[in-house]
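Just so it is clear, the structure is predicted and the values come from calculations on it, not from any experiment. Both ligands and their constituent atoms are indexed starting at 1 by order of listing.
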Amino acid sequence: MVRRADGKKTQIVVVGGGAGGLELVAKLGAHFGRREFDIILVDRNSTHIWKPLLHEVAAGSLDANLDEVGYRGHAYRWGYRYFDGALEGIDRDAKEIIVAPIRDEDGTEVIGRHRIRYDYLVLAVGSVSNDFGTPGVREHCLSLDTRADADRFRRRLLNQCLRVSRAMTADPSADAYARVAIVGGGATGVELSAELYSAASALGFYGLEVFDEKRLQVTLIEAGPRILPALPDKLAAAATAELEALGVRVLTGTQVVSATAEAILTKDGETIPCDLKVWAAGVKGADFLKDIAGLETTRGNQLVVLPTLQTTRDPAILAIGDCASFVPGEGQKPIPPRAQAAHQMATTAFRNLRALVEGKPLKAFVYKDNGSLVSLAKYTTVGSLMGNLVGGRMAIEGRLARLVYTSLYRMHLLAIHGWVKGLSLLLVGHVNQVVRPKLKLH
Ligand SMILES: Cc1cc2nc3c(=O)[nH]c(=O)nc-3n(C[C@H](O)[C@H](O)[C@H](O)COP(=O)(O)OP(=O)(O)OC[C@H]3O[C@@H](n4cnc5c(N)ncnc54)[C@H](O)[C@@H]3O)c2cc1C
């Protein structure tokens, strides 16, 4: 039964075309699209970039223009419709989402606030960084939530490197540095620290003749007793040693109490002067999700979902990825906000949406933790693999770890483009590594 009683097409609306949402609409479009169903994607941006690449975009080692996917072209290929716009609210009685007005660069309204009907709605709007209300963070720290954030960081970093280079040209004995403080010793903070050194070492080849990694000072600040809490002690120690060898100052057990325009201040009373500050100390759901349309949300604004990924108070609304809070069993921890979780949830949501429209029983989401891997740029990759194949948890480092790390992005490319285009893009990616500049400096 695919037509509604009023003869209209059954409409499945997915909000958020990120790691989970874009994979889901590609599957839905391929299966249902252009026939009796109307599959709609709503995203506030017109292009998609896989979020785990953002630290590379920020450091300039990846040109996001080459990796981003335009939703309009993707929608045409996969048989769904794309609407530009930011979700603002949900009218559950009318079964409509409310989309904020769309404005042009000058703030002039292009399309007013409007509504889109749904029969089934999937929220896949991701997460934002959580500053835990720390004074000064919102005003003075950058985050890596979006491509725009990563671009802003890269421009500011490059400007600072230019200042240092100019100062060194004028006076070779000048005490000039590009000082970056990164708050949060999880995967994002660690990966960005290493990527910055990798990029700095290449800047000399791209016109900044008197700049190299010795002019970069990165301080990585973690409140917990060690960095990378998701990884075993041994791997966290290996990553710490690698970062320190690069020149990163790794501070653990250090709580940040505030940020100013010039520095980060710690609870121990230390003032860490810095030119750029990045906040990467945890994520939460966006504020607009808090109690949205009376749905159950956590203190961190995530939508609480059942094992079927349906929200607890409305079976027609599902949530996947970082914006969903799913606790697999009593006393267990919620599924972590990771790309692999978003990928797996997209698969379960697709199956369950199919079951819902076909009136079949729904399946429970089972999270398969394949392990965690952290890339230290070109230097090394560390992590742990999970699974029967490796007999539980296995620590890995180096080339093998790098191979597995990159396979997650490969799987995403194949999921959103299909085998032929996905494999072709992987090939083009390899060619670009050879023919394109190593850094994006604009
Ligand atoms: C630097 C960095 C490195 C990471 N590395 C890893 C890693 O190595 N491995 C790993 O597993 N995970 C990693 N992650 C985490 C991973 O990126 C996220 O868990 C994953 O992207 C979540 O997928 P998602 O679909 O829930 O959300 P996202 O991929 O964030 O997509 C959300 C989408 O929703 C859209 N959106 C947001 N708000 C609205 C709105 N109001 N209206 C309309 N659209 C909206 C956004 O534009 C976006 O397209 C990393 C994250 C970062 C920042």
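- Residue, atom and distance of the protein heavy atom nearest to atom 21 (O) of ligand 1 are K51 CB, 3.5 Å.
- Nearest-heavy-atom check against atom 51 (C) of ligand 1 across V283, V128, T188, L408 picks out T188.
- A salt bridge links D151 to R154: one of the charged nitrogens lies within less than 4.0 Å of a carboxylate oxygen.
- Within the 4.0 Å heavy-atom cutoff, H48 does not count among the residues contacting ligand 1.
- Not a single heavy atom of A286 lies less than 4.0 angstrom from ligand 1.
- Under 4.0 Å from ligand 1, not a single heavy atom of V374 appears.
- For atom 15 (C) of ligand 1, the nearest non-hydrogen atom of the protein is P337 O, 4.0 Å.
- A donor-acceptor distance shorter than 3.5 angstrom exists from the side chain of K95 to the backbone of D119, with no hydrogens or angles considered.
- Listed here is the closest heavy atom pair of F288 and L87: CE1-CD2, 3.7 Å.
- In this structure, A280 and T188 approach most closely via the heavy-atom pair CB-CG2, 4.1 Å.
- Annotation: atom 31 (O) of ligand 1 to nearest protein heavy atom, G18 CA, 3.1 Å.
- Residue contacts with ligand 1: F288 is included, with a non-hydrogen atom under 4.0 Å away.
- At least one side-chain heavy atom of T10 sits under 4.5 Å from a side-chain heavy atom of Y120.
- With hydrogens and angles left out, the side-chain atoms of T380 and E242 include no donor and acceptor closer than 3.5 Å.
- With hydrogens and angles ignored, the 3.5 Å screen pairs a side-chain donor or acceptor of T254 with a backbone N or O of T252.
- Against a heavy-atom cut-off of under 4.0 Å, N45 is close to the following atoms of ligand 1: 47 (O).
- Between the side chain of D63 and the backbone N or O of N65 there is at least one donor-acceptor pair closer than 3.5 Å.
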Trace of the side chain to side chain donor-acceptor pair (under 3.5 Å) decision for Q332 with Y367 = CA-CA 12 Å; Q332 293 189 29; Y367 178 57; over 6 Å; no
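- Counting only non-hydrogen atoms, the option in T146, V125, V190, D145 that gets closest to atom 39 (C) of ligand 1 is V125.
- Side-chain atoms of W50 and D67, non-hydrogen and from C-beta on, never get closer than 4.5 Å to each other.
- Here L87 has heavy atoms under 4.0 Å from ligand 1 in both its backbone and its side chain.
- Protein heavy atom nearest atom 36 (N) of ligand 1, with residue, atom name and distance: R44 NE, 3.7 Å.
- For atom 13 (C) of ligand 1, the nearest non-hydrogen atom from the set G20, G321, G16, P52 belongs to P52.
- Nearest approach of N45 to D43, heavy atoms of both residues: N-OD1, 2.9 Å.
- At the shortest separation from atom 29 (O) of ligand 1 among protein heavy atoms lies A19 N, 2.9 Å.
- Residues F365 and V305 form no side-chain contact, since every pair of their non-hydrogen atoms from C-beta on lies 4.5 Å or further apart.
- When only non-hydrogen protein atoms are considered, atom 27 (O) of ligand 1 lies nearest to G126 CA, 3.3 Å.
- None of Q340, H343, H48, H417 except one satisfies the side-chain hydrogen bond (donor to acceptor under 3.5 Å, both in side chains) rule with H412; the exception is H48.
- Among protein heavy atoms, atom 26 (O) of ligand 1 sits closest to D322 N, 2.8 Å.
- Residue contact annotation: A280 has no non-hydrogen atom under 4.0 Å from ligand 1.
- Per-residue contacts place G85 under 4.0 angstrom from the following atoms of ligand 1 (heavy atoms of the residue considered): 42 (N), 43 (C).
- At least one N/O-N/O distance between R338 and ligand 1 falls below 3.5 Å.
- Residue contacts with ligand 1 do not include F83, since none of its heavy atoms lies under 4.0 Å from the ligand.
- Looking at D84, L144, I97, L54 and measuring to atom 53 (C) of ligand 1, the nearest heavy atom belongs to L144.
- Listed by number with element, the atoms of ligand 1 under 4.0 angstrom from any heavy atom of Y71 are 49 (O).
- Of the options P336, A339, A342, A124, the smallest heavy-atom separation from atom 32 (C) of ligand 1 is shown by A124.
- Distances below 4.0 Å separate heavy atoms of Q340 from the following atoms of ligand 1: 11 (O).
- Residues S201 and K378 have side chains that bring a donor and an acceptor to within less than 3.5 angstrom of each other.
- Contact atoms of ligand 1 toward Y405: 8 (O) (distance under 4.0 Å to a heavy atom of the residue).
- Heavy-atom minimum distance, L356 versus P315: CD1-O, 4.3 Å.
- Of the candidates V42, D43, L289, the one placing a heavy atom closest to atom 49 (O) of ligand 1 is D43.
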